[in-house]
Structure formats: structure tokens, C-alpha cells
Amino acid sequence: MVTDAKQAQEAWNRSAEGWIANVPNDVNRHRLLDGPMLELAGSVEGARVLDVGCGEGRFCRMLSERGADVWGIDPTPRLIEVARQRHPVGSYALAAAEALPFLAGAFDLAVSYITLVDIVGYREAIGEMARVLRPGGALLIANVQSFASTRPRAWYQDGSGAKLHLAVEDYFDERPLLLEWGGMSLYNWHRPLEAYMSAFLESGLALRAFREPRPSEDAVRDHPSMQDEYRVPLFHIMLWEKQR
């Protein structure tokens, strides 16, 4: 089992091509999370925005299309390379979330789009995102629900693959879990929600919005398996504000 950030990063380096190939087909992002993420981001015309753990830059490109001056950081060289290729007008840097290479107060909005589960030093990362925000700036977070991250596969299924129920095991024990899908083998960290909330509050942030997104009727019609998101929400979205 992985024990440090170096091992976790090596897994990302090996899985980068799989990530690049799978992101365009990630229904949860496209049909469940993108809408409320953009809604809570609000108007970004002329805003300086940082995407922490930007991957190949998909959400950066979406924000740029809405007029933002976007910056993306990621510790995986191949992902940054592709982000630059796909979005030459954006600014991308190879960096870790725990040590952002920016001055305090440099951004109007920071985004973590399902990246906290990948970050070993999540408390440091949250503190760094708060540091680089201007007073009154916002931190937009999408993350896996803590009750859904205690096992590599949240759902128990029967022999036909039908989802029976969601299992919660050893909820309070922070630990890495190996996830394998789409040709990738990556480590995600389970942490209780209390741990994340404490880190946000200790960084001087105030919670302004909390969402547990549900799919639209159109999304369920196009992707019937999304009906299960009405049974149990697997993700949440939060908007935090840096105090003035």
C-alpha cells in the first residue's frame, strides 16, 4: 500500500494516459458536476482563476471560455504537457497543491475539482489555496462524499451487477485506497468530512454554499445508471469565501 506522496505521484505518472483518455467520457463530471460548479463559480469575466490539480485542463478551458484568466497547476508532467497543448492561451505550471508557486492574494477564485482525495497533504493544500486568494475571494470545491470513500467501490452489487446498497466501513480512519478503472491504477484518500471541514475553517474560510448534486431528467434518460444518484449522492460541492 502507498505510504507517501512520492508513491502516489508515481501512480499518477503511470496512469496519465488513461486519465487523458477517460476524462471525455466521465459522465459524472459532464452531466452531474459541471453545471453546479459553473453556477457557483458565478461570473468569471476578467477574474484570475486557479485550478488546483487541473489535470489535462478541461475545467480551465471551460472557465476560459467564460472570460476568466485561468492558471492551472498539477504535479503530473504529462497532464500539464497536454493542458498546454490543448489550451495555449492558458497558464499552466508543474506544481504541488501543498506548495503553490504564487503570491498571497493573487487569485479571485481557486478551484479544486475532485482533487482533495488525491492530495496527501490536504491540510497544507487547503491552507495554500486560502493563502493565494484575495480577501473576499472564493474557493470552489467538488469532492467525493466521505461516506462513499471508505471502500474502493462504494456500492455492493449482486451477481448481475445491480447496485444493492452503499457500504460505510471504518469511517474515521484516514487511509489511502487503490482505485483501478479505465486502465488506471490510482490512490485516493478516505477522510471523514470532519477532517476536511476543520481544515477549511482553520484556514480562515467561511462556507457560503453546499450542494449535493442530483442528475437532471435528461441525464438519467441518456445514462440510466445515473438514477442511483437519487438514492445516494456520491459527491458534494462547496463554496468557501476568504474573510475580508
Side-chain angles (χ1 to χ4, degrees), residues 2-31 33-34 37-38 41 44 46-103 106-122 124-126 128-129 131-133 139-144 176-189 235:
V2 66
T3 58
D4 59 27
K6 181 179 178 181
Q7 288 175 283
Q9 186 55 53
E10 289 172 350
W12 265 104
N13 292 341
R14 292 190 297 268
S15 299
E17 295 298 339
W19 180 260
I20 293 164
N22 278 277
V23 164
N25 304 314
D26 189 339
V27 173
N28 283 326
R29 291 175 187 264
H30 293 289
R31 303 302 298 271
L33 298 172
D34 282 352
M37 285 288 283
L38 292 171
V44 294
R48 201 159 189 252
V49 180
L50 174 65
D51 188 349
V52 177
C54 66
E56 49 71 67
R58 189 187 71 93
F59 200 59
C60 284
R61 296 190 295 276
M62 295 175 69
L63 293 170
S64 179
E65 290 171 358
R66 288 159 175 77
D69 174 17
V70 296
W71 294 66
I73 69 100
D74 200 283
T76 306
R78 177 57 179 157
L79 296 181
I80 288 294
E81 178 186 8
V82 173
R84 289 170 174 162
Q85 292 171 353
R86 295 181 174 180
H87 189 216
V89 300
S91 299
Y92 296 93
L94 189 66
E98 296 93 331
L100 297 175
F102 304 106
L103 296 175
F107 294 95
D108 302 297
L109 174 69
V111 176
S112 169
Y113 197 143
I114 317 183
T115 60
L116 285 176
V117 291
D118 300 312
I119 299 170
V120 178
Y122 72 101
E124 294 84 354
I126 291 170
E128 279 288 273
M129 288 187 281
R131 179 185 66 80
V132 301
L133 285 175
L139 174 57
L140 180 60
I141 301 290
N143 204 16
V144 179
L177 299 168
L178 180 64
L179 275 64
E180 297 180 307
W181 59 282
M184 296 176 285
S185 182
L186 300 168
Y187 292 96
N188 279 182
W189 266 254
F235 304 94

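Between E124 and R131 no salt bridge is recorded (no basic side-chain N to carboxylate O distance below 4.0 Å).
Once rounded to the nearest 0.5 Å, the distance linking CD1 of I141 with CE of M37 reads 8.0 Å. Within the model, atoms CZ of R61 and SG of C54 stand 9.5 Å from one another, a figure rounded to the nearest 0.5 Å. Atom-to-atom distance recorded for E56:CD and W19:CH2 is 8.5 Å, nearest 0.5 angstrom. Between atom CD1 of residue I114 and atom CZ of residue F59 there is a gap of 10.5 Å, rounded to the nearest 0.5 Å. For the atom pair CD (Q9) and CG (L186), the distance works out to 10.0 Å, reported to the nearest 0.5 Å. Interatomic distance, NE2 of H87 versus OG of S64, reported as 3.0 Å (0.5 Å rounding).
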**Report entry** Intermediate values then yes/no, side chain to side chain contact (heavy atoms under 4.5 Å, CB included), N143 and S112
**Finding:** CA-CA 8 Å; N143 204 16; S112 169; over 6 Å; no
Report task. Let me see the working for E17 and L79 under side chain to side chain contact (heavy atoms under 4.5 Å, CB included), right down to the final yes or no. Result -> CA-CA 8 Å; E17 295 298 339; L79 296 181; over 6 Å; no
Query raised in the report: After noting the C-alpha distance and the side-chain angles of L38 and L63, does the key distance pass the side chain to side chain contact (heavy atoms under 4.5 Å, CB included) rule?
Result: CA-CA 8 Å; L38 292 171; L63 293 170; 4.1 Å; yes
Query raised in the report: Is there a side chain to side chain contact (heavy atoms under 4.5 Å, CB included) between W71 and F107 once you walk through the steps?
Result: CA-CA 9 Å; W71 294 66; F107 294 95; 3.8 Å; yes
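Considering all non-hydrogen atoms of both residues, R48 and A106 come closest at NH1-O, 3.0 Å. Residue V49 comes nearest to A68 through the heavy atom pair CG2-CB, 3.8 Å, listed as atom of the first residue, atom of the second, then distance. Scanning both residues, I119 and A125, for their nearest heavy atoms gives CG2-CB, 3.9 Å. For L109 against A41, the heavy-atom pair with the smallest separation is CD2-CB, 4.0 Å. When all heavy atoms of G72 and C60 are compared, the closest pair comes out as CA-SG, 4.1 Å. Contact record, A97 with E128: O-CB, 3.6 Å, taken as the closest heavy-atom pair.
Side-chain contact between L50 and V111 is absent, with no heavy atoms from C-beta onward closer than 4.5 Å. Annotation: side chain of Q85 is in contact with side chain of V82 (closest heavy-atom distance under 4.5 Å). Using a 4.5 Å heavy-atom cutoff, the side chains of W189 and V117 are not in contact. Side chains of I73 and D51 form no contact here, defined as non-hydrogen atoms less than 4.5 Å apart. Contact of the L179 side chain with the Y187 side chain is not registered, since no non-hydrogen atoms from C-beta on lie closer than 4.5 Å. By the 4.5 Å heavy-atom criterion applied to side chains, N13 and P77 are counted as neighbours. Residues L116 and M129 meet the side-chain proximity criterion, which asks for heavy atoms closer than 4.5 Å. Side-chain contact between L103 and V132 is absent, with no heavy atoms from C-beta onward closer than 4.5 Å.
At distances below 3.5 Å, not a single donor-acceptor pair connects side-chain atoms of S185 with backbone N or O atoms of L178. Judged purely by atom type and a 3.5 angstrom limit, D74 uses its side chain to pair as donor or acceptor with the backbone of G55.
A cation-pi arrangement is absent between R84 and Y92, since the terminal nitrogen or guanidinium carbon is not both under 6.0 Å from the aromatic centre and inside a 45° cone about the axis.
One side chain, D34 or Y113, offers a donor N or O that lies under 3.5 Å from an acceptor on the other.
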